[in-house]
Amino acid sequence: RSVCYSPSGEHLAVGTRDGALHVLRCKDMQTISHHQLSDYFGSLLSSSSVMGNDRNTKDIISGGGGGGGLDDAGQDDYFHHSSSNSSSSSSTNSCAFEVFAVRYSPSNSLLAVCIAKHIILCSPAEDYAPKAAVATGLQCDIEGGLDWSADGNYIQFVDSSEMIHFFAIDQARPALSRKVEEIATMKNISW
């Protein structure tokens with residue numbers, strides 16, 4: 001559904017319709033990392049009230065780094081997540097947890113993934129482990145609807161109604177990232 005090269009050109013991040021993130025090594029197209037992101041925060045999302053309320057879009061669902069539904073199985077079979085026996089499960093995941101955009105930060109320290117009204121921040125240095133999920137409250141379903149600032153401190157996010165939203169990203173501590181409420185402060189940011 002969505003692809004993005006790392007700044008060095010060594011890795012290719014691929015987000016799929018069923019909520020998976022695959023990272024391939026470009027020189028031989030071998031899978032080096034695989035995470036089922038829908039598993040990572042699906043249970044948190046269903047029990048949380050962060051969507052659709054502007055006051056709550058500042059809330060962060062912290063990933064904590066390890067475990068959290070990460071799936072390392074099936075790396076050699078990375079584009080075959082559904083079969084005729086699991087088509088109903090696959091169509092549910094594809095609708096609710098489709099990855100709409102993936103983008104590396106300019107420094108390659110984080111990979112932002114838009115999925116189910118959240119931006120998940122993954123760490124390339126830690127096998128692309130999800131570190132935090134920033135609640136947007138809005139769906140990013142526009143191609144190119146996610147971008148990093150040149151300094152890697154902000155993300156701009158375009159929702160399905162083509163409104164732009166900004167998020168301050170703490171590269172060292174992704175769980176402290178937050179929505180920028182004062183849009184005027186974004187005027188001089190380079191993208």
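For this chain, numbers begin at 1 and follow the sequence in order.
Closest of all the heavy-atom pairs between P124 and C122 is CD-O, 3.3 Å. Across every non-hydrogen atom of C26 and H11, the tightest pair is SG-C, 3.6 Å. The two residues H118 and A135 have their closest heavy-atom pair at CD2-CA, 3.7 Å. Residues G152 and P106 share a closest heavy-atom pair of CA-CD, 3.8 Å. Closest approach of Q156 to I164, counting heavy atoms only: OE1-CG2, 4.0 Å.
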Exercise. Determine, stepwise, if the pair T185 / V180 fulfils side chain to side chain contact (heavy atoms under 4.5 Å, CB included).
Key: CA-CA 8 Å; T185 61; V180 175; 3.7 Å; yes
Practice problem: Give the intermediate values and the outcome of side chain to side chain contact (heavy atoms under 4.5 Å, CB included) for residues L110 and Q171. | Solution: CA-CA 7 Å; L110 291 172; Q171 299 258 346; 4.1 Å; yes
Quiz prompt | Working for side chain to side chain contact (heavy atoms under 4.5 Å, CB included), residues Y154 and M186 | solution = CA-CA 9 Å; Y154 298 95; M186 298 289 97; 3.3 Å; yes
Quiz prompt | side chain to side chain contact (heavy atoms under 4.5 Å, CB included) assessment of L12 paired with M29 | solution = CA-CA 8 Å; L12 178 67; M29 296 309 284; 4.0 Å; yes
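Residues V102 and L21 meet the side-chain proximity criterion, which asks for heavy atoms closer than 4.5 Å. Side-chain contact between D159 and H165 is present, with at least one heavy-atom pair separated by less than 4.5 Å.
With values rounded to the nearest 0.5 angstrom, N153 atom CG is found 9.0 Å from W148 atom CH2. Between the OG atom in S2 and the CZ atom in R103 there is a gap of 5.0 Å [rounded to 0.5 Å]. For the atom pair SG (C114) and CD1 (I119), the distance works out to 4.5 Å, reported to the nearest 0.5 Å. With rounding to the nearest 0.5 angstrom, the CG atom of L121 is 10.5 Å from the CZ atom of F167. Rounded to the nearest 0.5 Å, atoms CE (M163) and CZ (F157) are 12.0 Å apart. Here the CG atom belonging to L24 is positioned 13.5 Å from the CD atom belonging to E10, to the nearest 0.5 angstrom.
Residue R173 places its CZ atom among 12 or fewer non-hydrogen atoms of other residues, nucleotides or ligands, all under 6.0 Å distant.
Side chain of S177 to backbone of D170: a donor-acceptor contact under 3.5 angstrom is found. Between the side chain of H35 and the backbone N or O of D127 there is at least one donor-acceptor pair closer than 3.5 Å. No donor-acceptor pair closer than 3.5 Å links the side chain of H22 to the backbone N or O of G15.
Remark: of the listed residues N108, L111, V23, N108 is the sole one forming a side chain to side chain contact (heavy atoms under 4.5 Å, CB included) with S6.
In this pair, Y104 and Y128 present their aromatic rings perpendicular. The plane angle is above 60°, beyond the 30 to 60° band.
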